[in-house]
Amino acid sequence: MKRAIFYTIIGYLSGSVLFARVAERLFHRKGAIEESPDQNPGAFNAFRYGGFWCGLLTLCGDLLITKPGGLSSTEAAVAGIPLIQTAPIPGCEVSNMRFFRQRGLSIAVPYPGRQLIAACDALLSGGGNDSPSETPINPHAAANICSLAGRLSGAARAAG
């Protein structure tokens with residue numbers, strides 16, 4: 001019970017910290033995120049504009065514990081954020097959890113009341129999937145889909 005309370009408090013407190021800002025100040029790179037075109041304080045921009053150590057601290061501060069919804073799970077996979085998926089709703093979430101687990105993209109915790117503490121312990125001890133997977137995830141998938149839709153709609157207009 002003490003561990004559950006500890007992880008709840010740590011999760012709440014760390015969820016309120018913008019690790020990119022902490023890393024910027026710690027490594028004397030104040031304003032590094034503002035240098036990026038989108039000013040997104042995520043791990044990618046922290047690495048690119050703040051340097052290796054700034055990016056690494058930002059990445060280490062990111063951990064996502066979520067239900068296995070398609071969007072949040074894919075965003076975590078693209079960003080290389082450690083992912084723990086919990087309590088799937090029967091149907092597509094069960095399939096999502098299986099897909100991400102089989103590819104080493106997440107740790108599956110179908111019964112969080114019994115398994116979440118062990119999954120957090122595994123991540124902290126290096127025994128879980130705490131590094132980006134070898135499975136390639138296209139970080140430009142959304143842009144590629146929009147581009148394809150534009151080409152298809154242009155071709156349809158030209159044909160019609």
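Reckoned from all heavy atoms, side chains included, excluding hydrogens, waters and symmetry mates.
- Across every non-hydrogen atom of Ala108 and Arg101, the tightest pair is CB-CD, 3.7 Å.
- For Leu148, the CG atom sits in a packed shell: over 12 heavy atoms of surrounding residues, nucleotides or ligands are nearer than 6.0 Å.
- Between the side chain of Ser73 and the main chain of Gly70, no donor-acceptor pair closer than 3.5 Å is present.
- Across Pro37 and Tyr49, no two heavy atoms sit closer than the pair CD-OH, 3.3 Å.
- By the rule that hydrophobic residues join a cluster once side-chain heavy atoms approach within less than 4.5 Å of another member, Phe99 and Leu83 end up as members of one cluster.
- Remark: side-chain polar atoms of Ser153 are paired, donor with acceptor, to backbone N or O of Ala149 under 3.5 angstrom.
- Cluster annotation: Met97 and Val109 are assigned to distinct hydrophobic clusters (Ile/Leu/Val/Met/Phe/Trp/Tyr, side-chain heavy-atom contacts under 4.5 Å, transitive).
- Contact record, Asn96 with Pro68: ND2-O, 2.8 Å, taken as the closest heavy-atom pair.
- Looking at heavy atoms from C-beta onward, Arg98 lies out of side-chain contact with Glu93 at the 4.5 angstrom threshold.
- For Lys67 (side chain) and Gln85 (main-chain N/O), no donor-acceptor pair under 3.5 Å exists by modelled atom type.
- Rounding to the nearest 0.5 Å gives a distance of 10.0 Å between CZ of Arg21 and SG of Cys54.
- Grouping the Ile, Leu, Val, Met, Phe, Trp and Tyr side chains by contacts below 4.5 angstrom, directly or via other members, places Trp53 with Leu57.
- Side-chain contact check for Ile84 versus Thr86: some heavy-atom pair is nearer than 4.5 Å.
- Placement of Phe52 and Val22 within a single hydrophobic cluster is found when ILVMFWY residues are connected by side-chain heavy-atom separations under 4.5 Å, directly or transitively.
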